[in-house]
Amino acid sequence: LAKTTQPISMDSYEGQEVNITCSHNNIATNDYITWYQQFPSQGPRFIIQGYKTKVTNEVASLFIPADRKSSTLSLPRVSLSDTAVYYCLVGDIVQYSGAGSYQLTFGKGTKLSVIP
Amino acid sequence: EAQVTQNPRYLITVTGKKLTVTCSQNMNHEYMSWYRQDPGLGLRQIYYSMNVEVTDKGDVPEGYKVSRKEKRNFPLILESPSPNQTSLYFCASSPIYGREGEQPQHFGDGTRLSIL
């Protein structure tokens with residue numbers, strides 16, 4: 001199982017760009033990288049997913065180097081409402097190969113605090 | 001509306017009294033999973049199911065049971081709850097043949113269990 005390591009917490013001022021890096025040294029060839037956001041007392045919700053290079057959507061960008069041993073979630077111009085815990089997950093269900101099991105292991109997450 | 005529904009949302013009970021937390025999804029997803037979330041430990045997978053009658057252990061299965069008799073339902077059973085199972089529980093579902101970039105796992109709103 002691919003294990004992930006993230007910083008425990010980060011602080012940022014409103015309006016700044018925030019980059020959260022996740023290490024996943026033993027990522028498998030078929031594994032995708034997915035980031036989730038979680039607010040207190042709510043279930044995690046999907047932010048972005050990628051396999052390699054760069055992916056961008058309306059809320060974030062995901063940078064994945066060629067060796068895929070890490071990934072960086074980039075949140076442009078954060079606001080107070082971006083204060084949350086961010087989880088990196090390697091090997092999410094999409095693109096399941098159909099063989100074997102699919103146990104998922106989330107990391108401990110990064111608590112982002114946005115300061116006014 | 002696509003959703004994962006958990007019941008109850010809150011429960012306080014006593015040691016040894018069997019309880020069941022229900023989970024239902026309306027998206028015809030094959031994959032369903034239960035997680036527990038504890039401070040400082042992030043999300044840990046308890047059990048998962050790839051389809052009807054197919055279940056397997058996650059990272060922390062001890063003290064829990066699950067069943068998958070229908071595709072939409074995946075109840076979590078605590079036969080003899082103990083205080084160390086006091087936690088916030090999340091159910092999630094996902095298609096196993098999704099498309100890249102689409103939302104993988106959909107999470108419920110959580111069930112807060114307190115075992116006295």
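Values in this document were obtained by computation on a predicted structure and should not be read as measured data. These values consider heavy atoms only, across backbone and side chains, with no hydrogens, waters or symmetry-generated copies. The chains referred to below are lettered A, B, ... by the order of the sequence lines, with proteins before strands, and numbering in each begins at 1.
In terms of hydrophobic clustering, with Ile, Leu, Val, Met, Phe, Trp and Tyr side chains grouped at heavy-atom distances under 4.5 Å, Val78(A) and Phe63(A) are assigned to different clusters. A single hydrophobic cluster is seen to contain both Ile33(A) and Tyr86(A), as judged by linkage of ILVMFWY side chains at heavy-atom distances under 4.5 Å, directly or through other members. The hydrophobic cluster containing Met50(B) does not contain Tyr64(B), counting ILVMFWY residues as joined when their side-chain heavy atoms lie under 4.5 angstrom apart, directly or transitively. Each of Val4(B) and Ile77(B) belongs to its own hydrophobic cluster when Ile, Leu, Val, Met, Phe, Trp and Tyr are linked at side-chain heavy-atom distances under 4.5 angstrom. One hydrophobic cluster holds both Leu80(A) and Ile47(A) under the rule that ILVMFWY side chains link at heavy-atom gaps under 4.5 Å.
Between Gln42(A) and Phe90(B), the shortest heavy-atom distance links the atoms O-CZ, 3.4 Å.
Your options are Arg9(B), Arg112(B), Arg44(B), Gln45(B), and the one with the most heavy-atom pairs under 4.5 Å with chain A is Gln45(B).
Side-chain contact between Gln105(B) and Tyr36(A) is present, with heavy atoms from C-beta onward closer than 4.5 Å.
Judged as a ring-ring contact (aromatic ring centres under 6.0 Å, His included), and not counting sequence neighbours, the contacts of Tyr87(A) are Phe106(A).
Interatomic distance, CG of Asp109(B) versus OG of Ser41(A), reported as 10.0 Å (0.5 Å rounding). Taken to the nearest 0.5 Å, the CG atom of Leu43(B) stands 12.5 Å off from the NZ atom of Lys108(A).
Interface residue Gln37(B): only side-chain heavy atoms are found under 4.5 Å from chain A. For Tyr35(B), the part sitting under 4.5 Å from any heavy atom of chain A is the side chain, from C-beta outward, and nothing else.
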